[in-house]
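This structure is a prediction, so every number in the text was calculated from the model and none was measured. Order of listing sets the numbers, starting from 1, for every ligand and every atom in it.
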Amino acid sequence: MQLTDLTITQAHQGLVKKEFSALELCKVYLDKIKESDREISAFLTINKDLVLSQAKKIDDLISAGKKLPILAGIPSAIKDNILVEGLKCTAGSKILENYIAPYNATVIKKLKEADCVILGKTNLDEFAMGSSTENSAFGPTRNPHDLSRVPGGSSGGSAAAVAGNLCVYALGSDTGGSIRLPASFCGVVGLKPTYGAVSRYGLIAFASSLDQIGPITKTVEDCKIVFDAIKGKDPLDSTSLEKFVSVKKLKIKELKIGVPKEYFVKGIDPEIEKVIKEAIKKYEGVGASIEEVSLPHTEYALPAYYIINPSEASANLARYDGIKYGLSIREGKDLMDVYLKSKEKGFGEEVRRRIMLGTYALSAGYYEAYYLRAQKVRTLVKNDFEKVFKKVDALLTPVSPFLPFKIGERIEDPLSMYLVDVYTVSINLVGLPALSLPCGRVGNLPVGLQIIGRPFEENKILEIGQAFEKTYARA
Ligand code: GLN
């Protein structure tokens, strides 16, 4: 087995048993990035000098016989909308092209306390707006399984880095599917935690009532390790909570799983449907009881999301004015010219589209018809989930109705891009936890299964995922 194939647990054991040093491990990854990232383009920034000094520190700890935290010395990658002090944080945008993060996000502070090694920052759709990573101002990332295809988005750089063995694990952010979709497209594991389970402090805000940071890993076990390291209440994020439900050893035979019928209607690729149905059968085969359930407002979730998301985004992005920080075009006759020119040069097409949609939906006279109505739909969607979770422990669905598509295939048509998110956005509207797990392939393209749980029952969906992973090989 090569060093770049290792999971967190395997790499940790190798370090503890002194089979290799942290420095060797990190150098192998830096070399691998040099060799493969020219094609994949997962990284925007590489943190070479710091990586080597961090690795040396871990080796000193090992030689001193200190107990090593499980993430110590394990090479990771961080989506470039999460602040790492002293490194550039671009959010995939020209407007932040030269912005250096002045502090650490809480998740980074926690990882650093666990002696993590950060290899670098990964590519994303500009301000995390997109489903393919093609909206990055710095060019697209490619899917390691097929370089002509997208890795999914917006955390495409993070997922491609894990799938391409350019790091052991990565962090992404998920506002409407941006961890789960790229995990599915790249054949790796991704967790979107319950809203509030992980601090958003230091995450560049996109749509604040929907955003969550979460892990992207090679296995469910690794996903749990990273989630445990980053979760918890943070005084710097008033929406964060410490409220985890611990699960007694999961007994598959006592498990009730719901399959929402609205997720298997016209529009889904029949080959994906087949792979997902087979995965569901496998759960049935090991004794789980499977029940068809209904989430009747599913069809309204996507349109409601595409009102609420741009509304919040338009408010959050007002701060990039060419004055406070980021790109500043000091031309023209007055301050208004600086605002306009900086935004025009700094923001890409999708970002401008969202700002316009959001500003429109929030404006006087339209607010009630759009934003308020969308929030009412959100409540209906939430009620649907609350009702089914009285009967079942978890839900199984596809992550995406489509296989990883070709670069350029959808980018000209925003509505067809938005459709990619049809199975993921409800989860963010309601704030639930959901895991994306590789469950099979169509040709050489991976297919992801989505496991949705009750609020703060991450442990349960992770165990349900592990049950699948233990019995069946990774896609
Ligand atoms: N694709 C969705 C959007 O563009 C989700 C993005 C995300 O989760 N960051 O809004």
| Is ligand 1 less than 4.0 angstrom away from at least one heavy atom of E350? |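 Flag not set, E350 not near ligand 1.
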
| query | Rounded to the nearest 0.5 Å, what separation is found between the CE atom of M129 and the CG atom of L124? | reply |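 Answer rounded to 0.5 Å: 10.5 Å.
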
What residue and atom, counting heavy atoms only, is the protein's closest point to [atom], and at what distance?
atom	answer
atom 2 (C) of ligand 1	D421 OD2, 3.1 Å
atom 4 (O) of ligand 1	R354 NH2, 2.7 Å
atom 10 (O) of ligand 1	Y305 OH, 2.7 Å

| Axial cation check for F405 ring with R410, 6.0 Å and 45° limits |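 Here R410 passes the 6.0 Å and 45° test against F405.
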
| query | Is ligand 1 under 4.0 Å from a heavy atom in the side chain of F206, in the backbone, in both, or in neither? | reply | side chain

| said: Can you tell me which portion of Y306 lies within the under-4.0 Å heavy-atom range of ligand 1? Options are side chain, backbone, both, or neither. | reply: side chain

| Using 30° and 60° as the class limits, which term best fits the ring planes of Y366 and Y370: parallel, tilted or perpendicular? | tilted

| message | Take a 6.0 Å sphere around NZ of K387 and say whether it holds more than 12 heavy atoms from other residues, nucleotides or ligands. | response | no

| query | Is the count of non-hydrogen atoms from other residues, nucleotides or ligands lying under 6.0 Å from E386 atom CD greater than 12? | reply |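 Check passes, neighbour count above 12.
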
Does an N or O from [X], backbone or side chain, lie closer than 3.5 Å to an N or O of ligand 1?
X	answer
M129	no
S178	yes
D174	no

| Does R353 come within less than 4.0 Å of E350, counting only side-chain N to carboxylate O? |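 Yes, charged N to carboxylate O under 4.0 Å.
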
Taking 4.0 angstrom as the limit and counting only heavy atoms of [X], give me the atoms of ligand 1 inside it, by number and element.
X	answer
A128	6 (C), 7 (C), 9 (N)
N309	10 (O)
T175	7 (C), 8 (O), 9 (N)
G176	5 (C), 7 (C), 8 (O)
G130	1 (N), 2 (C), 3 (C), 4 (O), 6 (C)
S154	9 (N)

| Closest approach of I216 to A159 (non-hydrogen atoms, all atoms of both residues) |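 Shortest heavy-atom contact: CG2-CA, 3.9 Å.
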
| How close do S426 and Y263 get, heavy atom to heavy atom, and via which atoms? |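 Minimum heavy-atom separation between S426 and Y263: OG-OH, 3.9 Å.
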
| field | Ring-ring centroid check Y320 Y99, cutoff 6.0 Å | value | no

